[in-house]
Amino acid sequence: MSHRGDINSSSQNTYSDVFDAVRRIPYGRVSTYGDIARLIGRPRAARVVGYAMHRCPPGLPWHRVINAQGRISLPADSTAGLSQRRRLEEEGVVLIGGRVDLDRFGWPDAD
DNA sequence: CGGTTGACTTTCG
DNA sequence: GCGAAAGCCAACC
């Protein structure tokens with residue numbers, strides 16, 4: 001914490017929090033924008049999560065983030081959309097009818 | 001400083 | 001189960 005009101009090491013930046021949460025998603029698992037938003041303490045900021053995804057830094061497993069419907073938010077015909085689906089299947093995530101069973105691959109576990 | 005923008009979510013028909 | 005409409009929040013310009 002600096003004397004000035006600059007950014008604390010605890011992020012406090014929605015973007016950093018979002019990126020950190022996404023990095024916490026285990027391999028072969030997926031999370032939704034709403035869940036990520038909730039994890040960072042902003043249950044209503046799901047849209048902001050998507051916004052952050054568009055600005056995601058390299059190395060971020062952004063492909064593990066999908067919408068609440070278990071569906072890829074990106075257009076199915078888009079390069080990024082196809083790439084995301086391929087990466088998910090590559091990690092063992094099964095897509096049925098273009099959808100992911102959040103009850104099985106969703107994270108964190110509902111339990 | 002303020003209106004516009006979204007890789008969203010939930011509710012209703 | 002699916003499509004349309006409204007709600008919500010932070011970043012962007």
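No experiment lies behind these values; they were computed from the predicted model shown. The analysis underlying the following values was restricted to heavy atoms, covering all of them including side chains, and did not include hydrogens, waters or symmetry mates. A note on names: the letters A, B, ... follow the listed sequences, proteins ahead of strands, and every chain is numbered from 1.
Nearer the 5' end of DNA chain C, as judged by each residue's closest nucleotide, is the contact made by A45(A), out of A45(A) and R55(A). Mapping Q84(A) and R38(A) onto DNA chain B by nearest heavy atom places Q84(A) at the nucleotide closer to the 5' end.
Just one of R55(A), R23(A), M53(A) meets the side chain to side chain contact (heavy atoms under 4.5 Å, CB included) condition when paired with V18(A); it is M53(A). Each of R86(A), R85(A), Q84(A), E91(A) was scored for a side chain to side chain donor-acceptor pair (under 3.5 Å) with H63(A), with one residue passing: E91(A). Tested against F19(A), the residues I40(A), N13(A), I36(A), L60(A) include a single side chain to side chain contact (heavy atoms under 4.5 Å, CB included) partner, L60(A).
We find that CG of L39(A) is positioned 13 Å from P of dT9(B), with the value rounded to whole Å. Taking atom CD of Q69(A) as the reference point, atom P of dT9(B) lies 8 Å away to the nearest angstrom. If you take CG of N67(A) and P of dA7(B), they are 12 Å apart, rounded to a whole angstrom. Rounded to whole Å, the distance from CZ on R44(A) to C1' on dT9(B) is 9 Å. Atom pair L82(A):CG and dA7(B):C1' shows a separation of 14 Å (rounding to whole Å applied). Atom-to-atom, CZ of F19(A) to P of dA7(B) comes out at 14 Å; the value is rounded to the nearest Å. Across the protein-nucleic acid pair, R47(A) atom CZ and dT9(B) atom P stand 10 Å apart, rounded to whole Å. In this structure, the OH atom of Y15(A) is 10 Å from the P atom of dA7(B), given to the nearest Å.
Counting any heavy atom pair closer than 4.0 Å across all strands shown, R71(A) reaches no nucleic acid atom.
Residue V65(A) comes nearest to T32(A) through the heavy atom pair CG1-C, 4.3 Å, listed as atom of the first residue, atom of the second, then distance. Summarising the geometry of R99(A) relative to Q69(A), their closest heavy-atom pair is CD-O, 3.8 Å, with the distance given to 0.1 Å.
Comparing dT10(B), dA7(B), dG6(B) against the side chain of A68(A) picks out dT10(B) as the nearest. Taking the side chain of Y51(A) as heavy atoms from C-beta on, and the options dT5(B), dA7(B), dT9(B), the nearest nucleotide is dT5(B).
Running 5' to 3' along DNA chain C, contacts with non-hydrogen atoms of chain A at under 4.0 Å begin and end at dC2(C) to dC12(C).
Atom CZ of R104(A) is surrounded by 12 or fewer heavy atoms from other residues, nucleotides or ligands within 6.0 Å.
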Show the numbers, then the answer: is there a side chain to side chain contact (heavy atoms under 4.5 Å, CB included) between L39(A) and W107(A)? CA-CA 11 Å; L39(A) 287 174; W107(A) 181 89; 3.9 Å; yes
